[in-house]
Amino acid sequence: MSGKITFTMIKPDAVADGHIGAILRKISEAGFKIKALKLTQLTVADAKKFYEVHAERPFYGELVDFMSSGPIVAAVLEKDNAVEDFRTVIGATNPAEAAEGTIRKMFARSIGENAVHGSDSDENALIEAQFHFSGREIF
Ligand code: CMP
C-alpha cells in the first residue's frame with residue numbers, strides 16, 4: 001500500500017456543519033478511491049495518542065479537546081502520490097491561507113477547527129490507517 005495511500009479524518013467541525021457529503025464528493029472527484037470509511041469518535045486518550053507528535057505545542061490541549069469533542073469520519077484513500085496530492089486538495093493548515101477551491105478554504109472554520117486531516121508522509125499514513133482500522137476494514 002505504501003506510496004499509494006493516505007489517511008484522512010473529516011474533523012468534528014465539518015461533521016457538525018453538515019459537510020461530510022460535500023467533502024467525500026470532492027475527495028472522489030479528485031481521483032481518490034475510498035479503501036476504508038467510518039463515522040466514529042475519538043476518546044481523549046485516542047486524540048492524545050494520535051497527536052502525540054504535537055504534545056509539546058501550545059495548542060496540544062485545545063487540539064485534543066476539539067478532536068474528541070464530536071464524531072469524525074475516518075478514511076483510508078488510495079491514489080498514486082496519495083499523501084502529496086491529498087495535501088494539495090485540502091490546502092494550507094490555516095484556511096485563511098488555503099488556496100481557492102481547497103477543502104479547508106471551502107469548509108474549515110479556523111486553523112484549529114480546520115475541517116480535515118491529511119497524513120504528512122507515507123510512513124504516517126500507514127500508522128494512522130492502522131490506528132483507526134483493522135486489516136479486515138481496509139479494502
Ligand atoms: P492537522 O495538520 O490535521 O494536524 C495538526 C493539527 O493541529 C492541525 O491540523 C490543526 O488543526 C492544529 N493546529 C495547527 N496549528 C495550530 C494553531 N496554531 N492553533 C491551533 N491548532 C493548530
Side-chain angles (χ1 to χ4, degrees):
M1 286 201 297
S2 190
K4 287 194 159 232
I5 70 133
T6 192
F7 171 79
T8 188
M9 289 181 283
I10 302 177
K11 297 186 180 185
D13 59 319
V15 172
D17 292 343
H19 297 316
I20 295 174
I23 291 173
L24 289 178
R25 181 178 180 145
K26 277 203 69 83
I27 289 171
S28 172
E29 285 174 352
F32 292 87
K33 185 175 162 198
I34 293 173
K35 303 277 284 178
L37 183 72
K38 69 177 151 196
L39 184 68
T40 183
Q41 183 161 353
L42 298 175
T43 63
V44 168
D46 288 335
K48 280 185 175 166
K49 175 108 184 88
F50 189 88
Y51 285 110
E52 69 186 351
V53 297
H54 297 303
E56 303 306 318
R57 304 281 194 100
F59 56 81
Y60 181 63
E62 193 184 317
L63 176 61
V64 167
D65 286 348
F66 168 62
M67 287 303 298
S68 57
S69 68
I72 58 148
V73 173
V76 179
L77 307 175
E78 183 181 63
K79 183 182 183 295
D80 286 341
N81 204 33
V83 166
E84 194 182 332
D85 285 4
F86 191 66
R87 289 173 78 81
T88 302
V89 169
I90 65 180
T93 304
N94 184 351
E97 293 164 10
E100 284 302 326
T102 59
I103 291 174
R104 284 173 171 156
K105 182 69 171 185
M106 294 172 76
F107 302 115
R109 292 178 181 170
S110 66
I111 189 168
E113 301 189 2
N114 65 354
V116 281
H117 168 82
S119 305
D120 64 4
S121 66
D122 291 343
E123 186 192 3
N124 283 336
L126 220 52
I127 292 168
E128 291 171 0
Q130 287 166 353
F131 183 91
H132 284 271
F133 295 100
S134 67
R136 61 184 291 191
E137 294 176 303
I138 302 175
F139 295 91

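Order of appearance sets the numbers: ligands from 1, and atoms from 1 within every ligand.
- Remark: the backbone N or O of Asp80 is not paired with any side-chain donor or acceptor of Lys4 at under 3.5 angstrom.
- The residues Glu84 and Arg87 are annotated as not salt-bridged, no charged nitrogen and carboxylate oxygen being separated by less than 4.0 angstrom.
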Pairs under 3.5 Å, nitrogen or oxygen of ligand 1 with protein nitrogen or oxygen:
| from | atom 1 | to | atom 2 | distance (Å) |
| --- | --- | --- | --- | --- |
| ligand 1 | 3 (O) | Lys11 | NZ | 3.0 |
| ligand 1 | 3 (O) | His117 | ND1 | 3.0 |
| ligand 1 | 9 (O) | Lys11 | NZ | 3.0 |
| ligand 1 | 9 (O) | Asn114 | ND2 | 3.3 |
| ligand 1 | 11 (O) | Lys11 | NZ | 3.2 |
| ligand 1 | 11 (O) | Ile111 | O | 3.3 |
| ligand 1 | 11 (O) | Gly112 | O | 3.2 |
| ligand 1 | 11 (O) | Asn114 | OD1 | 3.4 |

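- Because its NZ or CZ atom is both nearer than 6.0 Å to the ring centre of Phe133 and within 45° of the ring axis, Lys38 counts as a cation-pi partner of that residue.
- Counting only distance, with no hydrogens or angles, the side chain of Glu137 and the backbone of Ser134 share a donor-acceptor pair below 3.5 Å.
- Put simply, the side chain of Thr102 never gets that close to the backbone of Val89: no donor and acceptor are under 3.5 Å apart.
- Between the side chain of Asp46 and the main chain of Thr43, a donor-acceptor pair closer than 3.5 Å is present.
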